[in-house]
Amino acid sequence: MNQPLAGYAPAPVTARMENHGSHMLKVALQTGNDLFARVGSMVAYEGFIQYEPNPPAVRQIARDWITGEGAPLMKCTGDGLLYLADYGADVVVINLGGDAISVNATNLLAFDASLQWGVERVKGLAKFAGQGLWNTKISGQGWVALTSRGTPIVVDCGGGENETYVDPDALVAWSPNLKVKGKRSFKAQSLIGRGSGEAYQMAFSGTGIVVVQPSEDSTDRLRVRG
């Protein structure tokens, strides 16, 4: 029986974070190199690993998650291999290498606890939908894992004058140095997004990337905030 299943066995560890297939994340944990991960995302582990839901560092940041954009996190510590997944979503692994990324909290699977992170309001959108949009900004030297409902596309904005337009419900992440503004369009409402009510798009310009998933989030991201 082992022979037919051999192709699904874990490969040797080559990096702190890496994909096992397209829908699972493998993390090599070591003492002192802790991890924040989405609560409920653990599917298996080897070795001695402990979990602390809603640790103090998360509670302090979570005070800013008043809009409901925040994802419940747990702190993972110990030595071993940890496997994470999110209902079969595609997993995208990024080594920041000193850069930064702005992430939709619902697409945030895991990141190194040593990274700097916080919740920030996306400027330029408040006038379109109540209090606007909040995202999680992560920066520093370390690894981040995102999820995407289907294989994502990474759009390079290229630094030109042309803008890149994205349905906010399909947005996964973007380079925080990009300029962002909202656009309201009645003519496009039957073509972009769910086609109900006014159609909103987010316009990105500058030098950087935008990560877009081929499926809309289950909740409207540009709804009016109370």
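Count residues from 1 along the sequence. Quick note: numbers below take in every heavy atom, side chains included, and nothing from hydrogens, waters or symmetry partners.
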Is any side-chain heavy atom of [X] less than 4.5 Å from a side-chain heavy atom of [Y]?
| X | Y | result |
| --- | --- | --- |
| Val155 | Val166 | no |
| Asp99 | Ile94 | no |
| Thr151 | Ser22 | no |
| Val211 | Val92 | no |
| Trp117 | Leu108 | no |
| Thr164 | Trp174 | no |
| Pro214 | Ile153 | no |
| Ser205 | Lys181 | no |

Do you reckon [X] sits in the same ILVMFWY cluster as [Y], going by side-chain contacts under 4.5 Å, direct or chained?
| X | Y | result |
| --- | --- | --- |
| Val13 | Ile49 | no |
| Phe36 | Val91 | no |
| Val43 | Leu109 | no |
| Val180 | Val212 | yes |
| Val27 | Val144 | no |

How far does [atom1] of [X] sit from [atom2] of [Y], to the nearest 0.5 angstrom?
| X | Y | atom1 | atom2 | value |
| --- | --- | --- | --- | --- |
| Phe204 | Glu163 | CZ | CD | 10.5 Å |
| Phe111 | Thr136 | CZ | OG1 | 7.5 Å |
| Leu29 | Met17 | CG | CE | 8.5 Å |
| Gln141 | Leu96 | CD | CG | 8.5 Å |
| Thr147 | Leu25 | OG1 | CG | 10.5 Å |
| Lys137 | Gln116 | NZ | CD | 10.5 Å |

Residue pair [X] / [Y]: nearest heavy atoms and the distance that separates them:
| X | Y | value |
| --- | --- | --- |
| Cys157 | Gly206 | CB-O, 3.4 Å |
| Asp112 | Trp143 | OD2-N, 2.9 Å |
| Leu115 | Gly142 | CD2-N, 3.6 Å |
| Leu178 | Gly208 | CD2-N, 3.7 Å |
| Ile209 | Asp156 | CG2-CA, 4.4 Å |
| Ser41 | Met74 | OG-CE, 4.0 Å |

For the residue pair Asn104 / Thr106, report whether a side-chain donor-acceptor contact shorter than 3.5 Å exists.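 Yes - a donor-acceptor pair under 3.5 Å links their side chains.
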
Under a 3.5 Å cutoff, is there a donor and acceptor pairing between the side chains of Thr77 and Asp34?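 Short answer, no.
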
Contacts of type ring pair (Phe, Tyr, Trp, His ring centres under 6.0 Å), residue Tyr51, not counting sequence neighbours: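 Tyr45.
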
With under 30° as parallel and over 60° as perpendicular, where do the rings of His20 and Tyr83 fit, or are they tilted in between? perpendicular

Would Arg38 and Leu84 count as a side-chain contact (heavy atoms from CB on, under 4.5 Å) if you check the C-alpha gap in whole Å, the side-chain angles of each, and the deciding distance to 0.1 Å? CA-CA 9 Å; Arg38 175 181 291 274; Leu84 305 174; over 6 Å; no

Could you walk me through whether Glu18 and Val93 satisfy the side-chain contact (heavy atoms from CB on, under 4.5 Å) test, starting with their C-alpha distance in whole Å, then the side-chain angles of each, then the deciding distance to 0.1 Å, before giving a yes or no? CA-CA 6 Å; Glu18 53 191 328; Val93 179; 5.7 Å; no

Taking it one step at a time, do Leu35 and Arg16 satisfy side-chain contact (heavy atoms from CB on, under 4.5 Å)? CA-CA 11 Å; Leu35 182 82; Arg16 159 73 165 177; 3.9 Å; yes

Out of the candidates Asn107, Asp90, Asp86, only one should pair with Arg149 under the side-chain hydrogen bond (donor to acceptor under 3.5 Å, both in side chains) rule; please name it. Asp86

Audit row: Cys76, Leu82, side-chain contact (heavy atoms from CB on, under 4.5 Å) steps and yes/no: CA-CA 9 Å; Cys76 308; Leu82 174 63; 3.9 Å; yes

